[in-house]
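One structure below.
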Amino acid sequence: MASHRRPKQPTRARVTVLTSVAAAAVALTAQSASAAPAKPSKDEVKTQVDALYEEAEQATEKFNGAKERQETLEKEIGQIQDQVARGQGELNDLRSSLGSMASAQYRNGGIDPSLALLLSEDPDSYLDKASTLEHLSGKQVEAVQKIQAKQRTLAQQRQEAAGKLADLDATRKELGEKKKVSAEKLAAAQALLNTLTAQERAALKDEDTRASRADGQRVDLGDVKASGRAGAALAAAKTKVGSAYISGNEGPNSFDCSGLTQWAYKQAGVNISRVTYTQANDGTRISRSQLQPGDLVFFYGDLHHVGLYAGNNMTLHASNPRGGVKYESMDNMPFQFGVRIG
């Protein structure tokens, strides 16, 4: 018969060692789980910040569009409300006139015509009065028709105003949402930049300056001279090199991308619309080979960025909060098409 031996129990010392090892493993696991992620490098921060700037600009252009719609709706609603107020005054006058006619007819036509003729000392005079009554009755009919037409017009205008007020409410909500999104993206970008040391931020700025010539110095714009209103717009924009980029701003001291192009053309005596999506339709679309200084140049598939063609494959644009208004190679962004104004 085989003997069954009990497994040997671990000694107290061995138990203590095993417990210590397990505790250390748990502690190491907890430390690694709670360890802060590795700090992103300068290049990683730049990539992430540039992406956030693009997202913020997309939201900014939608914000600008909503703001423009809001201003248009407010103007249209004001005009309709003025029309309604004037129409109500005209309606009140028509009703007052009709009331006067009715009172006159009652006073002059309350007696049966045949009896009035028999009692009249001057039948010819009565016939004149009867003719007047008939004329007033015709005016009454006309007045009633005018009142009915005015009431229909007022009802339509009030309905139109109510619809535009609903659109205005929705536009204001969109305005708030887009502004919030843009602010959040810009705050996230700034938080990333704040993770860099002073030396890294200085190096990043130096790289941007060398790549884009933000200071406007030593920029080779070629030999083609700008002319006409496009040239005047470009000349105006050149005076703003170094100005700050601020979402929603239209100048004269800070701009976003479409704010700069609109401001520049305004200085040249040309009014173009406020946002990139509509500026793209403010003139004639042209290819890259057709560009002349002062033409608008659009970037990215959704057209959320615009600048002015400065010559020699360079654009002058309000770039982003880090770069401000500067010259930059068009190769740095995905070009879509140009637009010639006027």
Side-chain angles (χ1 to χ4, degrees), residues 53-79 164 167-183 185-186 229-230 232-241 243-286 294-310 315-321 323-326 333 335-342:
Y53 280 159
E54 279 187 40
E55 293 170 6
E57 189 167 53
Q58 289 171 327
T60 293
E61 287 305 308
K62 291 175 182 176
F63 165 84
N64 291 337
K67 184 178 179 183
E68 193 172 43
R69 285 198 304 276
Q70 173 184 280
E71 292 169 353
T72 299
L73 284 168
E74 287 174 342
K75 184 177 180 181
E76 291 174 351
I77 289 168
Q79 291 172 342
K164 288 186 180 294
D167 290 343
L168 180 58
D169 183 57
T171 299
R172 282 174 173 162
K173 288 180 181 176
E174 181 186 358
L175 198 64
E177 291 169 358
K178 300 306 179 187
K179 185 175 183 179
K180 181 181 177 183
V181 169
S182 178
K185 299 293 183 182
L186 292 175
R229 291 182 173 179
L234 179 60
K238 286 179 178 179
T239 67
K240 297 302 175 180
V241 170
S243 296
Y245 176 107
I246 298 179
S247 296
N249 283 22
E250 306 169 8
N253 300 315
S254 58
F255 307 85
D256 59 24
C257 69
S258 55
L260 175 66
T261 51
Q262 184 190 49
W263 179 88
Y265 265 93
K266 188 175 182 179
Q267 308 317 300
V270 181
N271 291 321
I272 63 175
S273 55
R274 174 63 181 89
V275 297
T276 59
Y277 312 117
T278 51
Q279 286 182 7
N281 298 315
D282 282 346
T284 304
R285 295 192 180 188
I286 54 177
D295 289 335
L296 298 180
V297 283
F298 292 85
F299 301 92
Y300 302 97
D302 64 352
L303 308 180
H304 71 261
H305 192 74
V306 64
L308 292 161
Y309 183 63
T315 181
L316 176 54
H317 66 146
S319 58
N320 56 48
V325 178
K326 64 180 182 179
M333 297 171 286
F335 172 79
Q336 301 299 308
F337 53 80
V339 166
R340 183 158 297 151
I341 302 296

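The structure displayed is predicted, hence computed values, not measured ones.
Closest non-hydrogen pair, Leu296 versus Leu308, comes out as CD2-CD2, 3.8 Å. Pairing each heavy atom of Phe255 with each of Leu260, the nearest pair is CD2-CA, 3.6 Å. Heavy atoms only, all atoms of each residue included: Asp256 and Tyr245 are closest at CA-CE1, 3.6 Å. Residues Leu186 and Ser247 come closest through the heavy atom pair CD1-OG, 3.6 Å. Residues Lys266 and Asn271 approach most closely at CG-OD1, 4.2 Å, considering heavy atoms. The heavy-atom pair separating Asn64 from Ser258 by the smallest distance is ND2-OG, 3.9 Å.
Leu175 has its side chain out of reach of Arg69: every pair of non-hydrogen atoms, C-beta onward, lies at least 4.5 Å apart. By the 4.5 Å heavy-atom criterion applied to side chains, Val297 and Phe337 are not counted as neighbours. The side-chain heavy atoms of Ser273 and Gln262, taken from C-beta on, include no pair separated by under 4.5 Å. No side-chain heavy atom of Asn320 sits less than 4.5 Å from a side-chain heavy atom of Glu57.
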Let me see the working for Gln58 and Asp302 under side-chain hydrogen bond (donor to acceptor under 3.5 Å, both in side chains), right down to the final yes or no. CA-CA 9 Å; Gln58 289 171 327; Asp302 64 352; 2.9 Å; yes

For Thr261 and Gln279, run side-chain hydrogen bond (donor to acceptor under 3.5 Å, both in side chains): C-alpha distance rounded to whole Å, both residues' side-chain angles, the deciding distance at 0.1 Å, then the answer. CA-CA 9 Å; Thr261 51; Gln279 286 182 7; 2.9 Å; yes

For Tyr265 and Ile341, run side-chain contact (heavy atoms from CB on, under 4.5 Å): C-alpha distance rounded to whole Å, both residues' side-chain angles, the deciding distance at 0.1 Å, then the answer. CA-CA 9 Å; Tyr265 265 93; Ile341 302 296; 3.7 Å; yes

Report the C-alpha distance between Phe63 and Glu174 in whole Å, list the side-chain angles of each, state the deciding distance to 0.1 Å, and finish with yes or no for side-chain contact (heavy atoms from CB on, under 4.5 Å). CA-CA 8 Å; Phe63 165 84; Glu174 181 186 358; over 6 Å; no

side-chain contact (heavy atoms from CB on, under 4.5 Å) assessment of Thr278 paired with Arg274: CA-CA 7 Å; Thr278 51; Arg274 174 63 181 89; 5.8 Å; no

Candidate pair Lys238 and Leu316, rule side-chain contact (heavy atoms from CB on, under 4.5 Å), full reasoning: CA-CA 8 Å; Lys238 286 179 178 179; Leu316 176 54; 3.8 Å; yes

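A salt bridge does not link Glu74 to Lys164: none of the charged nitrogens lies less than 4.0 Å from a carboxylate oxygen. Salt bridge absent: Arg340 and Asp282 never bring a charged side-chain N and a carboxylate O closer than 4.0 Å. Checked for salt-bridge contact, Glu61 and Lys178 miss the test: no charged N lies under 4.0 Å from a carboxylate O.
Between His305 and Phe299, the ring planes are tilted. Angles from 30° to 60° get that label.
One distance of note links CG of Asn281 with CD1 of Ile272; it measures 12.0 Å at 0.5 Å rounding. Annotation: the span from Trp263 atom CH2 to Asn253 atom CG amounts to 9.5 Å, rounded to 0.5 Å. Rounding to the nearest 0.5 Å places CD1 of Ile77 at 4.5 Å from CG of Leu168. In this structure, OG1 in Thr276 is found 12.0 Å from OH in Tyr300, a value given to the nearest 0.5 Å. Note: Arg172 CZ to Gln70 CD = 5.0 Å, rounded to the nearest 0.5 Å. Taking CG of Asp169 as the start and NZ of Lys173 as the end, the distance is 4.5 Å to the nearest 0.5 Å.
In this structure a side-chain-to-backbone donor-acceptor pair under 3.5 Å is present from Ser319 to Gly324. Remark: side-chain polar atoms of Thr239 are paired, donor with acceptor, to backbone N or O of Ala236 under 3.5 angstrom.
Side-chain atoms of Thr60 and Ser182 include a donor-acceptor pair closer than 3.5 Å.
Legend: residues meeting salt bridge (Lys or Arg N to Asp or Glu O under 4.0 Å) with Glu55, ordered by chain and number and at least two apart, are Lys185.
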